[in-house]
Structures are given as C-alpha cells and as structure tokens.
Amino acid sequence: MNLNKNKIRAVYPGSFDPVTNGHICIAQRAAEIFDEVIVAILMNTQKDPSFSVEERQQMTEEALVDINNVQVCAFSGLLVNFMQSLGSKVIIRGLRAMSDFEYEFQMALMNRQLAPDIETFFIVTEPQYSYLSSSAVKNVFQFGGDISSMVPDCVRNRMKNRIHEYPNQIIKNRTKPFE
Ligand code: COA
C-alpha cells in the first residue's frame with residue numbers, strides 16, 4: 001500500500017470584514033486536517049465592506065501568523081476559477097447554525113455545478129462562536145460593547161483606530177464611549 005499522496009491545499013473563502021475568533025477557529029482546525037490552507041478574501045463582494053481588502057488581509061494575516069501552513073490572499077471573480085489557478089480542490093466553509101445551511105448548501109451545489117472536481121468541506125463551529133458574525137461584532141462595537149472575546153486584539157485595535165479616523169464608517173449613533 002502506498003500511503004504517499006500529494007499535499008492537499010484547501011481554500012477557506014469569505015469576506016472576513018473583519019476576521020473574527022469564529023473564523024480563526026475554523027482556519028486552525030482546517031490547518032490540522034489539510035497540508036495547506038489558503039484563507040481567501042473576496043474583493044468584489046456585493047456587500048459594502050467596512051474595511052478595504054488590504055486591511056482585511058492584513059488583519060487576517062496578523063491573526064493567523066502563528067499557524068505555519070496557513071496563508072492569506074485576496075481574490076476576485078468566481079471562487080472556482082481562483083481555486084483552479086491554485087490547483088486546489090477543497091473549499092472549507094464553517095457552519096454555525098441550521099440557518100447557514102440553506103445558503104451554504106446552495107453555494108456548494110453551485111460550485112459543484114461549475115467545477116465538479118471541487119468539493120466543499122464543512123467544519124461545524126465551536127458553540128461559543130455560533131452566534132458570531134462580522135456584522136454582529138461591528139454592531140456591538142458601534143454601541144460600545146465589549147468585543148474582546150469575539151475578535152483578536154489586532155482587529156479590535158484596528159476598529160478603535162478606525163473610529164478615530166473615520167467615525168462614520170463603522171460607528172453610527174455611538175452612545176457609549178470606548179474604554
Ligand atoms: N465565525 C464567525 N462568523 C462567521 C463564520 C464563523 N465561523 N462563518 C461565517 N461567518 C459570518 C461572516 O462573518 C459573515 O458575516 P457578515 O454577513 O455579518 O459579514 C457571514 O457569516 C457570511 O460571510 P462569509 O463566510 O464571509 O461568506 P460571504 O457570503 O460573505 O462570502 C464567498 C462567501 C466569498 C465564499 C462567496 O460569496 C463566493 O465564493 N464569492 C465569489 C463568487 C462566486 O464564486 N460565486 C459562485 C458561488 S455562489
């Protein structure tokens with residue numbers, strides 16, 4: 001039996017606007033399973049991101065710096081085209097709750113239709129992150145809530161700086177001062 005096989009490169013795509021502890025947990029767990037994990041930040045998102053793609057990439061790189069087999073990059077266009085350019089056949093997605101399922105199921109089928117040799121792998125989130133989303137973090141922050149258990153320090157610091165530079169981009173109607 002020949003157990004040698006090619007290294008498997010997986011891609012974990014998303015908006016990461018900004019990266020949260022929930023995303024980090026998924027990336028860490030994927031890195032334990034696959035030889036290489038590329039965290040791929042979508043550039044031309046239909047969403048209106050709070051952070052530029054460069055900022056999102058920088059924060060994500062900083063948050064994942066300790067994991068040797070993880071790299072972060074940005075992409076635009078179809079995910080499957082980007083994956084083919086990297087020679088990757090594995091998409092990683094996190095599942096937080098049943099409410100994610102329908103959207104994820106549809107996306108996985110669409111990607112499968114576009115590229116049948118690419119498989120989607122789902123990693124179920126840790127329960128403590130099941131309520132997290134980037135928008136929820138920004139919303140809590142906007143009203144002065146404590147986000148220290150939700151995002152890495154680099155993101156929290158960036159958000160604080162951002163408020164001082166561009167108060168209207170994240171924070172609207174802020175009611176409580178930041179500590
Ligand atoms: N922890 C915390 N939050 C999580 C999470 C986790 N484990 N998993 C998902 N989320 C949150 C994100 O923070 C995000 O929150 P937000 O909406 O408040 O910003 C939300 O869940 C979903 O975001 P994300 O995982 O980034 O997905 P997306 O819908 O923004 O992007 C892509 C998904 C990038 C994979 C998809 O749009 C894509 O591939 N686009 C390229 C075009 C393409 O190929 N289209 C054809 C396929 S449909």
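- By the side-chain hydrogen bond (donor to acceptor under 3.5 Å, both in side chains) test, Q58 pairs with R158, sequence neighbours left out.
- Taking the side chain as every heavy atom from C-beta outward, R29 and I92 never approach each other to under 4.5 Å.
- Every side-chain hydrogen bond (donor to acceptor under 3.5 Å, both in side chains) that D100 has, sequence neighbours left out, goes to R96.
- Residue pairs meeting the ring-ring contact (aromatic ring centres under 6.0 Å, His included) criterion with at least one member in residues 110-140, sequence neighbours excluded, are F34-F121.
- Here the options are N161, V137, V151, the test is side-chain contact (heavy atoms from CB on, under 4.5 Å), and the partner is R156; only V151 passes.
- Every side-chain hydrogen bond (donor to acceptor under 3.5 Å, both in side chains) that R9 has, sequence neighbours left out, goes to E36.
- Here the straight-line distance linking atom CD of E126 with atom CD1 of I26 works out to 8.0 Å at 0.5 Å rounding.
- Using a 4.5 Å heavy-atom threshold, the side chains of F82 and C73 count as touching.
- For the atom pair T60 OG1 and Q71 CD, the distance stands at 13.5 Å (nearest 0.5 Å).
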* Please assess N69 against D35 for the test side-chain contact (heavy atoms from CB on, under 4.5 Å), listing each intermediate value before the final yes or no. => CA-CA 7 Å; N69 59 336; D35 299 294; 5.8 Å; no
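- Put simply, V11 and L95 are part of two different groups of oily side chains (I, L, V, M, F, W, Y) that touch within less than 4.5 Å, one to the next.
- Annotation: N68, atom CG; neighbour count of heavy atoms from other residues, nucleotides and ligands within 6.0 Å does not exceed 12.
- Contact annotation: the side chain of N21 approaches that of P152 to within less than 4.5 Å [non-hydrogen atoms, C-beta and beyond].
- The two residues V70 and A27 have their closest heavy-atom pair at CG2-O, 4.4 Å.
- Under a 3.5 Å cut-off, the side chain of N111 and the backbone N or O of V80 do not form any donor-acceptor pair.
- Here the closest heavy-atom approach between residue S148 and residue D146 is recorded as OG-OD1, 2.7 Å.
- Side-chain contact between E119 and R112 is present, with heavy atoms from C-beta onward closer than 4.5 Å.
- Take F16 and apply the ring-ring contact (aromatic ring centres under 6.0 Å, His included) test, not counting sequence neighbours, and it matches Y12, H23.
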* Residues M150, T20; criterion side-chain contact (heavy atoms from CB on, under 4.5 Å); working and verdict -> CA-CA 6 Å; M150 303 173 197; T20 68; 5.8 Å; no
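- In this structure, S52 OG and D17 CG are separated by 9.5 Å, a value rounded to the nearest 0.5 Å.
- When atom types are taken as modelled, the side chain of N139 and the backbone of S135 share no donor-acceptor pair closer than 3.5 angstrom.
- Cluster annotation: I91 is connected to L114 through the hydrophobic network of ILVMFWY side chains, with a link wherever side-chain heavy atoms come within less than 4.5 Å.
- Residues V155 and V65 fall into different hydrophobic clusters, defined by Ile, Leu, Val, Met, Phe, Trp and Tyr side chains chained together at heavy-atom separations under 4.5 Å.
- Taking every heavy atom of both residues into account, M159 and F51 meet most closely at CG-CZ, 3.6 Å.
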Let me have the donor-acceptor pairs involving side chains of residues 101-109, under 3.5 Å, with sequence neighbours excluded, atom names and distances please.
from: E104; atom 1: OE1; to: R93; atom 2: NE; distance (Å): 2.9
from: E104; atom 1: OE2; to: R93; atom 2: NE; distance (Å): 3.3
from: E104; atom 1: OE2; to: R93; atom 2: NH2; distance (Å): 2.8

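- Once rounded to the nearest 0.5 Å, the distance linking CG of L79 with CE of M110 reads 12.5 Å.
- Looking at heavy atoms from C-beta onward, S50 lies out of side-chain contact with E55 at the 4.5 angstrom threshold.
- Under the 4.5 Å side-chain heavy-atom criterion for grouping Ile, Leu, Val, Met, Phe, Trp and Tyr, L132 is not connected to V124 through any hydrophobic cluster.
- Annotation: the span from I8 atom CD1 to I33 atom CD1 amounts to 10.5 Å, rounded to 0.5 Å.
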* Asked: Hey, mind stepping through E61 and Q57 against side chain to side chain donor-acceptor pair (under 3.5 Å) and telling me if it holds?
  -> CA-CA 6 Å; E61 274 169 355; Q57 181 167 353; 3.3 Å; yes
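- In terms of heavy atoms, A63 sits closest to C154 at N-SG, 4.0 Å.
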